[in-house]
Amino acid sequence: MLTRLRARGFKSLIDVELTLPQLTVLFGPNAAGKSNIIEAAQLLSAVTTRLTLADAFDGFTIRGNPLEAFAFPAGGLPALLERSRAGLTLEADLALGEETLRYRVGIQMRPESGSLTVDDEYLTRLDRHGVPKHGALIEPDDGHLVVRRSARGRPVSEQLGYNYTLISDRRLSGERYEHIERCRREFEQWRVYYLDPRVNMRAPRPPREVRDIGVLGQDIAPYLHRLQVEHPEPFAAVKRTLSALIPGIRNLEVELDEKRGLLDIAIEQEGRRVSSRIVSEGTLRVLAVCAIAANPWTHGLVAFEEPENGVHPRRLELLAQLLKSIAIDQGRQLIVTTHSPLFCAAMLRLTAGCREQMAMLNVQRDARGTTVKQIEFADSLFESGELAEGFSSQTADGIFEGLILRGILDE
Ligand SMILES: Nc1ncnc2c1ncn2[C@@H]1O[C@H](COP(=O)(O)OP(=O)(O)O)[C@@H](O)[C@H]1O
Ligand SMILES: [Mg+2]
């Protein structure tokens, strides 16, 4: 479980630190940096599990080019391109069973050549008070990295400046590198989703060995197919939950087109069979949330962008219940971003009995970059007025946020 995240020099996160319980809701106006916070976690997971930094910065991980992951100086991208180096640092505290580990990685890019290297890496155990224990497992020292294999083993020295992290190096596994391996396994479990029901979730796919719907939801058909074949019970749960969230839905099946060898999701809605090619975006999104909730293969942190999108306001409460059950009942750590005051209100109502397991973090942006403020709701200080304020931005587009809140404009 991720209990603390700090990002420095990553996009709009100049220096942002947050404490995370079982369920975290990040809310705030547009362009405040909510997605950037989730991307920071995703990038951290990628740099600690992919083969190289280049792989981690590539493709589905984060939006934009690798260089755009580094915070722009005052002159924006052109000013960054003129620098000889750009750097970012990601740091996380991980509660793993009885132990808490702290991991930090610094990444440097040369804008001119595009090269990416590790310029800082640190792993240590923390004591009960959150203070690093003596003898870090990985720590920088005079241009090198010192790696301690076990409590008493002799340290080995590794070079700094590789194009991969030591955590991602599978050679550092087994008993002697127990903490490194545990740390890597934790990062491997993290899942971040930016569901794309417009294109990717509709594309026909063949059956495949997948254990997840994929970052964009692109593998939802092979995933549900595998679930249907190998784990009928969670599959039945997906079906039940989907029809509870969207009235009129009676059945869900994943069919194999034997001529083309491709899978198609068929949903029976109001007595008609509808293919996932034409089903509504809202239905696909809800289906994805149900599919993630039922995943029998992974159990680590899950982060969603705006799960409320495309869901009818009257159904928000049910969606909020589903998310709460993922986080609190199933014990799968959850982070969601939202720009829906209604969704926040529903989340708040539902978590009244378990507030210590939940955080509402208001994400805002000032001249320096993204800021995060924890909302205190211990003694019902957290009134709807404060919620509304949390959604309005201090900049000019606050005008529009206000209109959205009052229901005058659509998002
Ligand atoms: N490399 C960067 N340096 C500084 N700011 C950035 C960088 N990349 C993106 N941003 C800023 O981040 C903002 C988008 O943040 P995002 O997390 O998508 O907002 P939200 O999800 O809250 O709507 C953009 O307004 C953009 O200005
Ligand atoms: Mg966003």
Side-chain angles (χ1 to χ4, degrees), residues 5-18 24-44 56-58 60-83 85-90 106-111 114 116 192-198 215-217 285 302-310 335-341 343-344 360-373 375 387 389-402 404-405 409-411:
L5 178 70
R6 183 173 178 194
R8 281 176 284 167
F10 175 69
K11 297 198 170 183
S12 64
L13 314 180
I14 305 306
D15 188 352
V16 166
E17 183 172 356
L18 40 153
T24 305
V25 179
L26 301 170
F27 73 101
N30 278 326
K34 302 183 292 295
S35 304
N36 292 343
I37 292 174
I38 287 197
E39 280 188 0
Q42 195 184 16
L43 183 63
L44 180 58
F57 277 74
D58 200 43
F60 285 146
T61 314
I62 49 169
R63 297 165 296 172
N65 300 324
L67 185 60
E68 288 164 330
F70 296 83
F72 296 153
L77 185 60
L80 189 59
L81 273 164
E82 274 174 19
R83 297 203 171 167
R85 286 186 167 81
L88 64 84
T89 301
L90 301 170
I107 296 163
Q108 202 177 81
M109 182 165 191
R110 287 174 179 266
L116 288 162
V192 177
Y193 300 100
Y194 313 99
L195 301 177
D196 169 29
R198 197 165 287 254
V215 182
L216 305 172
R285 269 180 196 281
V302 40
F304 278 111
E305 285 269 56
E306 300 167 5
E308 76 277 3
N309 264 352
I335 308 175
V336 291
T337 67
T338 182
H339 56 251
S340 160
F343 176 74
C344 282
M360 297 272 304
L361 303 180
N362 185 206
V363 184
Q364 290 280 348
R365 188 167 178 173
D366 64 19
R368 278 208 67 228
T370 297
T371 61
V372 176
K373 186 176 125 218
I375 302 292
L387 193 56
E389 205 176 289
F391 276 102
S392 56
S393 109
Q394 290 131 359
T395 52
D397 67 359
I399 301 167
F400 299 108
E401 298 288 334
I404 291 168
L405 278 172
L409 275 185
D410 272 345
E411 290 163 81

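Heavy atoms only: backbone and side chains are in, while hydrogens, waters and symmetry mates are out. Indexing begins at 1, ligand by ligand and atom by atom, following the structure's order.
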Could you check [atom] against the protein and tell me its nearest heavy-atom contact, residue, atom and distance included?
atom: atom 23 (O) of ligand 1; answer: A31 N, 2.7 Å
atom: atom 3 (N) of ligand 1; answer: F72 N, 2.9 Å
atom: atom 15 (O) of ligand 1; answer: N36 ND2, 3.2 Å
atom: atom 21 (O) of ligand 1; answer: S35 OG, 2.7 Å

Legend entry - side-chain contact (heavy atoms from CB on, under 4.5 Å) partner of L13, chosen from T370, V372, L5, L90: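 So the option named by the test is T370.
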[X] side chain to [Y] main-chain N or O, any donor-acceptor pair under 3.5 Å?
X: K34; Y: V363; value: no
X: E39; Y: R63; value: yes
X: D15; Y: G9; value: no

Inset, instruction - Below 4.0 angstrom from a heavy atom of A32, which ligand 1 atoms are there? Numbered from 1 as shown, please. - result: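 Near A32, meaning under 4.0 Å from one of its heavy atoms, ligand 1 has 19 (O), 20 (P), 22 (O).
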Inset, instruction - Please could you name the atoms of ligand 1 that P29 approaches to less than 4.0 Å, counting only its heavy atoms? - result: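 Listed by number with element: 22 (O).
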Check contact between [X] and ligand 1, using heavy atoms of the residue and a distance below 4.0 angstrom.
X: N30; result: yes
X: G76; result: no
X: R63; result: yes
X: G28; result: no

Legend entry - Which segment of K11 sits under 4.0 Å of ligand 1 when only heavy atoms are counted: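 Both of them.
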Inset, instruction - With heavy atoms under 4.0 Å as the rule, classify the contact between R365 and ligand 1 as side chain, backbone, both or neither. - result: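 Answer for R365: side chain.
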Inset, instruction - For F304, check ring-ring contact (aromatic ring centres under 6.0 Å, His included) against everything at least two apart and list the hits. - result: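 Testing F304 for ring-ring contact (aromatic ring centres under 6.0 Å, His included), a comparison that skips the adjacent residues, returns Y193.
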Inset, instruction - Would you check if there is a donor-acceptor pair between the side chains of E305 and T337 at a distance under 3.5 Å? - result: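 Judged by distance alone, the side chains do pair up.
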Inset, instruction - Measure the CZ-CG distance between F70 and L80 for me, rounded to the nearest 0.5 Å. - result: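 Atom-to-atom, F70:CZ and L80:CG are 8.5 Å apart.
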Legend entry - Straight-line distance of R365 CZ to N36 CG, nearest 0.5 Å: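 Spacing of CZ (R365) from CG (N36) equals 8.0 Å.
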Inset, instruction - Could you check if a side-chain atom of I62 sits within less than 4.5 angstrom of a side-chain atom of F10, using non-hydrogen atoms only? - result: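 Yes, their side chains come closer than 4.5 Å.
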Inset, instruction - Kindly indicate whether the side chain of H339, heavy atoms from C-beta on, has any atom under 4.5 Å from the side chain of P29. - result: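 A side-chain contact is absent here, since even the closest heavy-atom pair is not under 4.5 Å.
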Inset, instruction - Using a cut-off of strictly less than 2.8 Å, determine whether S35 has an N/O/S atom near the Mg ion (ligand 2). - result: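 Checking S35: at least one N, O or S atom is under 2.8 Å.
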Legend entry - Nearest option to atom 1 (N) of ligand 1, as decided by whichever heavy atom of E305, E68, E39, Q364 sits closest: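 Going through E305, E68, E39, Q364 one by one, E68 has the nearest heavy atom to atom 1 (N) of ligand 1.
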Legend entry - Of the listed options S12, G33, A69, closest to atom 16 (P) of ligand 1 (non-hydrogen atoms):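 That would be G33.
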